[in-house]
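All remarks here apply to the structure that follows.
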Amino acid sequence: MKTQLAAIAVGVTALTALPAASATAQQHASGEVVAEHVSVQTVLDGAMGPVIKGNQHRLRLVTDIEGMSDPRHAAKIQSYYCPSGARITNSWTSSRCVYRGTTFLTYDRSDYRVSGTMRSARVVGLVQTGKTSLIADLTLRAYGDEEVGGWYPGSVTQSVEATVSGELQGATVRYEERKGSGIHRHERA
């Protein structure tokens, strides 16, 4: 799972590697928070209304888009219609499922919060599509140890893997696909 978080973090920052945790990086964190971000990658079950077709959806919501070549891909829903017994996961689609489209999302930066301890985060509010607003109510809960490193000069970055629960416009997070998200904090060194 740590490599999956590292892969998400690398994609978020468009860098090639997450340095290993070090006592030096921890000692130089000033405690002044520069930015906090979440990365959600999960599968949702259920209908999402008339605008987003399908009954199973891959949700990707990465709030740190700095350095991304195409920021649209940081927030999107890939939707499928799957008959009874057929499923999608974060990385696989049953041949019985029919692709229904990709919807790109935008959001207000005030719609997500990271707790002071980094053990939880919330994404609550309206997520916009080109045609409508979707109601998001997602909770991230950290598990495992924080990874600490310096992603760019003058900062210390803390990241922790997280599970996600909740719903987006009535479609709920599938329990089996709740892992693979993360909580991230950048502090001035």
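Hydrogens, waters and symmetry mates play no part in the numbers below; they use all other heavy atoms, side chains included.
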Exercise for the section: Verify, without hydrogens or angle tests, whether Gln56 (side chain) and Ala86 (backbone) share a donor-acceptor contact under 3.5 angstrom. Expected result: yes

Handout entry: Salt bridge Arg87-Glu176, side-chain N to carboxylate O under 4.0 Å
Key = yes

Handout entry: Expected output: side-chain His57 to main-chain Ala47 donor-acceptor under 3.5 Å
Key = no

Handout entry: Between Thr93 and Arg58: side-chain donor-acceptor atoms closer than 3.5 Å
Key = yes

Completion exercise
Residues at least two apart in sequence or cross-chain that pass ring pair (Phe, Tyr, Trp, His ring centres under 6.0 Å) with Tyr112, listed by chain then number, are none

Practice task
Any chance you could measure Glu146, atom CD, to Met118, atom CE, to the nearest 0.5 Å?
Solution key: 4.5 Å

Exercise for the section: Keeping the roles fixed (side chain from Gln128, backbone from Tyr107), state whether a donor-acceptor pair exists under 3.5 Å. Expected result: no

Exercise for the section: Only counting residues at least two apart or in another chain, list the ones meeting ring pair (Phe, Tyr, Trp, His ring centres under 6.0 Å) with Tyr81. Expected result: none

Problem - All pairs passing disulfide bond (SG atoms under 2.5 Å apart) where residues 92-147 contributes a residue, at least two apart - result: Cys82-Cys97

Problem - Leu44 and Thr172, any side-chain heavy atoms less than 4.5 Å apart - result: no

Handout entry: Min side-chain heavy-atom separation Leu105-Thr129 under 4.5 Å
Key = yes

Exercise for the section: Please answer whether the main-chain N or O of Glu177 pairs with a side-chain N or O of Thr42 as donor and acceptor at a distance below 3.5 Å. Expected result: yes

Exercise for the section: Could I get the full list of side-chain contact (heavy atoms from CB on, under 4.5 Å) partners for Ala121, not counting sequence neighbours? Expected result: Val38, Val114, Leu140, Ile183

Exercise for the section: Would you check if the side chain of Ser133 reaches a backbone N or O of Val127 as a donor-acceptor pair within less than 3.5 Å? Expected result: no

Completion exercise
salt bridge (charged side-chain N to carboxylate O under 4.0 Å, His left out) filter on Arg174, not counting sequence neighbours, yields Asp45

Practice task
Please examine the side chains of Thr103 and Leu134, heavy atoms only from C-beta on, and report whether any two atoms are closer than 4.5 Å.
Solution key: no

Fill in the blank from the handout: By salt bridge (charged side-chain N to carboxylate O under 4.0 Å, His left out), Arg100 pairs with (sequence neighbours left out) none

